[in-house]
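Input: a single structure, listed below in structure tokens.
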Amino acid sequence: MKILVLGSGGREHALAWKIAQSKRVSKVYIAPGNAGTASVGENLAINVADFQAVKDAVLKNQIALVVVGPEQPLVDGIVDFFKNDAELKNVKIIGPDKKGAQLEGSKAFAKQFMEKNGIPTAKCFTVTVENLNDGLRYLETLETPYVLKADGLAAGKGVLILNDLNEAKSELKEMLSGKFGSASAKVVIEQFLKGIEVSMFVLTDGENYVILPEAKDYKRIGDGDTGLNTGGMGAVSPVPFVTPDFVEKVEKRIIKPTIQGLKNEKIDYKGFIFLGLMNCGGNPYVIEYNVRMGDPETEGVMTRIDSDFAELLEKCAEGRLNEAHYQASPDTSVTVMLVSGGYPEAYKKGMKITGLENVCPCCIVAHAGTKLDGNEIVTSGGRVIAVTAHGKNIEEAREKAYHNAKMIVFEGKNYRHDIGLDLINYNA
Ligand code: AMP
Ligand code: GLY
């Protein structure tokens, strides 16, 4: 079987790396990919927003299964495009249809879905210019801090958490007047949830599901969770407070009602559900749904899957996920993201990357923002390379990951030094 992975980040490198290990897979293609994905498969120079170009590549290369990495093509309806095309109808694709992708594409849709299906989440109120005054009054009923979310996709920047009521009111007005473009024409005001976050990943065929390894992501740029938000600076898997009891609550209160809710809405969902959860005193609440895997969580999660991942994906796309074999490794993985100096603000690109050959083969190096420039590998994004190491516990995995992260050199390299530290001896 030939598999095509759409996307170009660390997530896609990790997905392609894992898929390429399967005996069922004769070749992996990645579109457009990066310098790292070129080492596990063949990169295709395609813009994934151009569905016709994706179709041409699928037919030309006789692709049997497509895995959609990022959310944008899903929100734009790539799965519906495949289902409605006579020549693509039999090509398997991992991802929800356009309506299902609204779980990520519209915060207001996701909140309504959760309310309708009794899924625990923060209380909220949805505002547009028409009911701005109701929104301002709703803010007054909340305790500080105030959470404002742009309804649509805003490249991870659409959530504001504010301590001051007046600031929250003026930000609400600015958002509605286009602070995040059309993504914030609608704003969800939310109650602030206190707790510790965890990312859980479910693969579902719309009926059956498998819970993949969970991970904790580190979103802020600076050590000790300081500074600006980023796409994610590192990850740890498993997460100590995700006990069997916690997982049981997530299954009963969140996963099962979510899948039932999708069925009720007649949503065709064969793909990943990423649950962004807040653990509030042992009880899980949904902060957000994503309809794809997390980045950088995937870089660690893929290394903890011990079974044939391509089989899991194939059976998922066929609606036979219950027949697939799934096994997770008992190891702990720690992922450290190396980023460009200045990120998440302005940064330079094109910096030569050296020292990759000095990284222990026991580590998994996923390229996030790299490209080939002649024979050299150079930086091409804010997040550059994710180094993942395994150990029997967080300390051991951290030591290996950091030791090897130091081997990779490029001008301006920055990373967090405290990935996983908060979870050592963590008591829920
Ligand atoms: P989102 O894009 O919805 O995941 O929000 C981005 C980040 O904002 C989350 O990862 C949380 O750290 C934080 N956040 C979002 N909603 C809430 C909430 N209701 N309570 C506390 N923190 C939140
Ligand atoms: N790591 C968070 C995300 O992928 O959205």
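Note that the numbering runs from 1 along the sequence shown for the chain.
- Considering only heavy atoms from C-beta on, E171 stays 4.5 Å or farther from Y146 through its side chain.
- In this structure, V236 and I419 approach most closely via the heavy-atom pair CG2-CG2, 4.0 Å.
- With Y218 as the aromatic partner, K216 meets the cation-pi criteria of under 6.0 angstrom to the ring centre and within 45 degrees of the ring axis.
- Side chain of T298 to main chain of R11: no donor-acceptor pair is present (N/O by atom type, distance under 3.5 Å, no hydrogens or angles).
- The shortest heavy-atom contact between F51 and F81 is O-CE2, 3.5 Å.
- Atom CD of E167 sits in a crowded spot, with more than 12 heavy atoms from other residues, nucleotides or ligands closer than 6.0 Å.
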Derivation and outcome, salt bridge (Lys or Arg N to Asp or Glu O under 4.0 Å), residues E197 and K219: CA-CA 11 Å; E197 287 182 65; K219 289 204 170 87; 3.8 Å; yes

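- From E299, atom CD reaches atom CE of M293 across 9.5 Å, with rounding to the nearest 0.5 Å.
- One finds the CG atom of N43 at 11.5 Å from the OH atom of Y29 (value rounded to the nearest 0.5 Å).
- Heavy atoms of other residues, nucleotides or ligands lying less than 6.0 angstrom from CD of Q62 number 12 at most.
- You'll find the side chain of V339 stays beyond 4.5 Å of the side chain of T230, heavy atoms only.
- Side chain of S307 to main chain of Q327: a donor-acceptor pair is present (N/O by atom type, distance under 3.5 Å, no hydrogens or angles).
- No side-chain heavy atom of R320 sits less than 4.5 Å from a side-chain heavy atom of D205.
- Counting only distance, with no hydrogens or angles, the side chain of N61 and the backbone of I63 share no donor-acceptor pair below 3.5 Å.
- Smallest separation of non-hydrogen atoms from V239 and A215: CG2-C, 3.5 Å.
- More than 12 heavy atoms of other residues, nucleotides or ligands lie within 6.0 Å of NE2 in H417, so this atom counts as buried by the packing criterion.
- Counting only N and O atoms by type, the side chains of K186 and T126 include no donor and acceptor under 3.5 Å apart.
- Side chains of I221 and N414 form a contact here, defined as non-hydrogen atoms less than 4.5 Å apart.
- Within the 4.5 Å cutoff, side-chain heavy atoms of T121 are placed close to those of K111.
- Closest approach of F272 to L212, counting heavy atoms only: CE2-CD1, 4.0 Å.
- Listed for the E12 side chain is a donor-acceptor partner under 3.5 Å among the backbone atoms of G9.
- With hydrogens and angles left out, the side-chain atoms of T379 and Y347 include no donor and acceptor closer than 3.5 Å.
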For the pair C360 and K400, evaluate side-chain contact (heavy atoms from CB on, under 4.5 Å) and give the outcome as yes or no after the intermediate values. CA-CA 9 Å; C360 169; K400 253 198 248 172; 5.7 Å; no

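- Between R416 and D225 there is a salt bridge, since a side-chain N of the basic residue sits under 4.0 Å from a carboxylate O of the acidic one.
- Going from atom CD1 of I273 over to atom CD1 of I255 covers 8.0 Å, rounded to the nearest 0.5 Å.
- With rounding to the nearest 0.5 Å, the separation of CG in L423 from CG in D418 is 10.5 Å.
- Test T388, T303, D217 against T335 for side-chain hydrogen bond (donor to acceptor under 3.5 Å, both in side chains) and you get one pass: T388.
- A donor-acceptor distance shorter than 3.5 angstrom exists from the side chain of K413 to the backbone of I408, with no hydrogens or angles considered.
- The residues E288 and K149 are annotated as not salt-bridged, no charged nitrogen and carboxylate oxygen being separated by less than 4.0 angstrom.
- Side chains of D76 and Q72: a donor on one and an acceptor on the other come within 3.5 Å.
- A distance-only check finds a donor-acceptor pair linking the side chain of Q191 to the backbone of K123 [under 3.5 Å].
- E104 contributes a side-chain N or O that, together with a main-chain N or O of V291, makes up a donor-acceptor pair within less than 3.5 Å.
- A side-chain donor from one of S22 and D308 sits under 3.5 Å from a side-chain acceptor of the other.
- Counting non-hydrogen atoms of neighbouring residues, nucleotides and ligands closer than 6.0 angstrom, the NZ atom of K98 reaches no more than 12 such neighbours.
- K92 contributes atom NZ, which lies 10.0 Å from atom CD1 of I94 (distance to the nearest 0.5 angstrom).
- In summary, the side chains of T332 and N393 do not present any donor paired with an acceptor at a separation below 3.5 Å, with no hydrogens or angles considered.
- Looking only at distances, no side-chain donor or acceptor of S8 sits under 3.5 Å from a matching main-chain atom of G33.
- The backbone N or O of A185 sits nowhere less than 3.5 Å from a side-chain atom of T128 that would complete a donor-acceptor pair.
- Between the side chain of S106 and the backbone N or O of Q102 there is no donor-acceptor pair closer than 3.5 Å.
- In this structure, H367 and L356 have side chains that are in contact, with non-hydrogen atoms separated by less than 4.5 Å.
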Begin with the C-alpha distance, continue with both residues' side-chain angles, and end with the deciding distance and a verdict on side-chain contact (heavy atoms from CB on, under 4.5 Å) for L277 and V286. CA-CA 5 Å; L277 300 177; V286 177; 3.9 Å; yes

Kindly indicate, with the supporting measurements, whether the criterion side-chain contact (heavy atoms from CB on, under 4.5 Å) is fulfilled by V28 and W17. CA-CA 9 Å; V28 184; W17 169 82; over 6 Å; no

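- Counting heavy atoms from C-beta on, the side chains of Y285 and M114 never come closer than 4.5 Å.
- Residue E143 places its CD atom among 12 or fewer non-hydrogen atoms of other residues, nucleotides or ligands, all under 6.0 Å distant.
- In this model, a donor atom of one side chain and an acceptor atom of the other lie less than 3.5 Å apart for S199 and E297.
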Might you work through the side-chain contact (heavy atoms from CB on, under 4.5 Å) test for L15 and M302, ending with a clear yes or no? CA-CA 7 Å; L15 288 168; M302 285 302 124; 3.8 Å; yes

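- Atom CG of N163 is separated from atom CZ of F192 by 8.5 Å, given to the nearest 0.5 angstrom.
- When the shell of 6.0 Å around CD of E345 is examined, it contains 12 or fewer heavy atoms from other residues, nucleotides or ligands.
- D373 and K371 are not joined by a salt bridge, as no carboxylate oxygen comes within less than 4.0 angstrom of a charged side-chain nitrogen.
- Judged purely by distance below 3.5 Å, without hydrogens or angles, the side chains of R304 and S333 never pair a donor atom with an acceptor atom.
- When each of L162, L165, T144 is checked for a side chain to side chain contact (heavy atoms under 4.5 Å, CB included) with L139, only L165 meets the rule.
- Residue Y269 comes nearest to G100 through the heavy atom pair CE1-O, 4.1 Å, listed as atom of the first residue, atom of the second, then distance.
- For the pair V198 and V242, the tightest heavy-atom approach, listed with the atom from each and the gap, is CG2-CG2, 3.8 Å.
- Side chain to side chain, E251 and Y209 meet the donor-acceptor criterion of an N or O pair below 3.5 Å.
- Under a 4.0 Å N-O distance rule, the pair E411/K348 qualifies as a salt bridge.
- At a threshold of 4.5 Å between non-hydrogen side-chain atoms, the residues V68 and R292 do not count as touching.
- Salt bridge status for D97 with K83: absent, with no side-chain N to carboxylate O gap under 4.0 Å.
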